Amino acid sequence: NRAEILKQEATALDLRLRMDPEFDLYLKDHAFDSMPILPMAVATELLAESVQYLYPDFELSSIEKLEIPAGVMFENGARDLYLSVRELSRSGTQIKAEVWLSTTTNSNRKNFKAIAALESQRNNCLPDASRLPLRYDEFVLPSPEAQTMTVEYVYRNWLFHGPLFQGIGSIDKVGTEGICGVINAIDIDECLKDAGKERWLIDPIMLDSAMQFAGIWARHYMDITVLPVGFGKLSLFAAPNSDNFHVIVSVPNENKNGE
């Protein structure tokens with residue numbers, strides 16, 4: 001709702017969005033050396049909202065091949081971001097579109113870019129059980145360790161996130177092949193100075209909190225700090241409609257192509 005439309009056609013959209021840490025309050029809780037950095041999860045939300053705006057009669061089913069050629073920093077407070085959507089293909093009930101975010105109107109300088117897939121009906125987004133790699137109630141972590149780390153400890157010592165990004169509610173199990181726990185929702189009204197009727201499409205705070213489990217695992221077992229650099233595919237089955245969710249980070253020997 002805050003974005004200015006620069007161009008809109010049946011298969012193309014360009015938007016300008018003014019982002020300001022004084023309005024987008026969550027930015028202050030995602031900062032390095034007091035400099036706010038646009039989280040990958042928030043960029044994903046902005047890409048998703050842009051493509052959904054262009055195709056209101058379709059349902060966003062996935063964001064794929066997200067890459068981050070360059071991050072976005074807020075060195076001097078507010079700045080303009082530019083979001084673009086270009087349709088790539090349309091076949092039957094599905095649309096695929098390229099979507100990107102940049103800090104200039106130069107389409108060759110993309111800071112975040114991805115491919116979005118949309119379906120004509122939400123039912124077409126739902127997978128059969130064989131396509132889901134893991135179910136929380138069926139997840140068995142081989143040889144889990146005796147649980148000693150606490151949420152308070154990891155946020156104080158291992159992670160840089162401020163209160164609005166501290167969505168982990170519990171760390172339930174951790175082992176060499178993965179980690180699992182619970183994340184809690186944080187109301188959008190706490191994240192924006194004036195959210196009005198805005199609602200998340202993906203909920204970037206919960207997405208970021210879920211990815212933090214991978215950071216905890218890497219720090220615990222490899223003694224390194226890791227940051228997300230993209231993903232292979234984020235599948236959307238339904239809008240978030242709960243205050244908490246179970247999270248599984250599986251670290252198998254074989255590569256799962258970022259899914």
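Values in this document were obtained by computation on a predicted structure and should not be read as measured data.
Nearest heavy-atom pair across Pro56 and Tyr53 is CD-O, 3.5 Å. Smallest separation of non-hydrogen atoms from Pro163 and Ile186: O-CD1, 3.9 Å. Heavy-atom minimum distance, Ala195 versus Asp189: CB-OD1, 3.3 Å. Of all non-hydrogen atoms in Ile216 and Met149, the two that sit nearest each other are CG2-SD, 3.6 Å. Nearest heavy-atom pair across Ile183 and Ala210 is CG2-N, 4.1 Å. The shortest heavy-atom contact between Glu64 and Ser62 is OE2-OG, 2.9 Å.
Using modelled atom types, one side-chain atom of Arg79 and one backbone atom of Met73 make a donor-acceptor pair closer than 3.5 Å. The closest donor-acceptor contact from the side chain of Arg109 to the backbone of Thr103 lies at 3.5 Å or more, if one exists at all. With hydrogens and angles disregarded, a donor-acceptor distance shorter than 3.5 Å links the side chain of Asp203 to the backbone of Ile205. Distance alone, capped at 3.5 Å, is enough to place a donor-acceptor pair between the Gln52 side chain and the Leu60 backbone. Gln212 places a side-chain N or O within donor-acceptor distance of the main-chain N or O of Phe165, the cut-off being under 3.5 Å. Proximity of a side-chain donor or acceptor of Ser61 to a complementary backbone N or O of Ala117 within less than 3.5 Å is detected. Within the 3.5 Å criterion, the main-chain N or O of Gly71 finds a donor-acceptor partner in the side chain of Asn111. Remark: side-chain polar atoms of Glu67 are not paired, donor with acceptor, to backbone N or O of Val229 under 3.5 angstrom. A side-chain donor-acceptor contact under 3.5 Å links Arg86 to the backbone of Leu13.
Classified by interplanar angle (parallel below 30°, tilted 30° to 60°, perpendicular above 60°), the ring pair Trp158/His220 is tilted. In this structure, Trp217 and Tyr221 have tilted ring planes: the angle between them lies in the 30° to 60° band. Note on ring orientation: taking the six-membered ring where Trp is involved, the planes of Phe160 and Phe32 are tilted (angle from 30° to 60°).
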For the pair Leu25 and Cys191, evaluate side chain to side chain contact (heavy atoms under 4.5 Å, CB included) and give the outcome as yes or no after the intermediate values. CA-CA 5 Å; Leu25 303 177; Cys191 300; 5.9 Å; no
Stepwise side chain to side chain contact (heavy atoms under 4.5 Å, CB included) check, Phe112 with Val99: CA-CA 9 Å; Phe112 292 82; Val99 58; over 6 Å; no
Walk me through it: do Thr150 and Ile171 pass the test side chain to side chain contact (heavy atoms under 4.5 Å, CB included)? CA-CA 7 Å; Thr150 65; Ile171 303 168; over 6 Å; no
Applying side chain to side chain contact (heavy atoms under 4.5 Å, CB included) to Tyr155 and Ile168, what does each step give before you reach the verdict? CA-CA 9 Å; Tyr155 277 125; Ile168 295 178; 3.3 Å; yes
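Residues Phe23 and Asp194 are in side-chain contact: their nearest non-hydrogen atoms beyond the backbone lie under 4.5 Å apart. The side-chain heavy atoms of Leu192 and Tyr26, taken from C-beta on, include a pair separated by under 4.5 Å. At a threshold of 4.5 Å between non-hydrogen side-chain atoms, the residues Lys113 and Lys65 do not count as touching. Two residues are said to be in side-chain contact when any heavy atoms from C-beta on lie closer than 4.5 Å; Pro39 and Leu27 meet this criterion. His161 has its side chain out of reach of Asp29: every pair of non-hydrogen atoms, C-beta onward, lies at least 4.5 Å apart. Two residues are said to be in side-chain contact when any heavy atoms from C-beta on lie closer than 4.5 Å; Leu46 and Met19 meet this criterion. Residues Asp208 and His30 have side chains in contact (heavy-atom distance under 4.5 Å, counting atoms from C-beta outward). Side chains of Phe231 and Met211 form no contact here, defined as non-hydrogen atoms less than 4.5 Å apart.
Note on Phe213 and Leu159: same hydrophobic cluster, where clusters join Ile, Leu, Val, Met, Phe, Trp and Tyr whose side-chain heavy atoms are under 4.5 Å apart, directly or indirectly. Linking Ile, Leu, Val, Met, Phe, Trp and Tyr residues whenever their side-chain heavy atoms come within less than 4.5 Å places Ile188 and Leu17 in a single cluster. Hydrophobic clustering of Ile, Leu, Val, Met, Phe, Trp and Tyr side chains at less than 4.5 Å, counting indirect connections, unites Leu118 with Trp200. Residues Val249 and Tyr153 fall within the same hydrophobic cluster, defined by Ile, Leu, Val, Met, Phe, Trp and Tyr side chains chained together at heavy-atom separations under 4.5 Å. Taking hydrophobic clusters as Ile, Leu, Val, Met, Phe, Trp and Tyr residues chained together by side-chain heavy-atom distances below 4.5 Å, Leu15 shares a cluster with Tyr55.
To the nearest 0.5 Å, the span separating CG on Asp24 from CG on Leu164 amounts to 11.5 Å. Distance check: Thr44 OG1 to Leu66 CG gives 4.5 Å after rounding to the nearest 0.5 Å. Rounding to the nearest 0.5 angstrom, the gap separating the CG atom in Leu54 from the OG atom in Ser84 is 11.0 Å. From Ser89, atom OG reaches atom CD of Glu98 across 12.0 Å, with rounding to the nearest 0.5 Å. To the nearest 0.5 Å, the span separating CD1 on Ile68 from NZ on Lys110 amounts to 15.0 Å. Residue Lys28 holds its NZ atom at 11.5 Å from OG of Ser34, rounded to the nearest 0.5 Å.
A salt bridge is defined here as a Lys NZ or Arg NE, NH1 or NH2 lying under 4.0 Å from an Asp or Glu carboxylate O, and Arg16 with Glu4 meets this definition. Salt bridge absent: Arg2 and Asp20 never bring a charged side-chain N and a carboxylate O closer than 4.0 Å.
Under the side-chain contact (heavy atoms from CB on, under 4.5 Å) test applied with Leu47, the options Val85, Leu83, Leu201, Ile202 reduce to a single match, Leu83.
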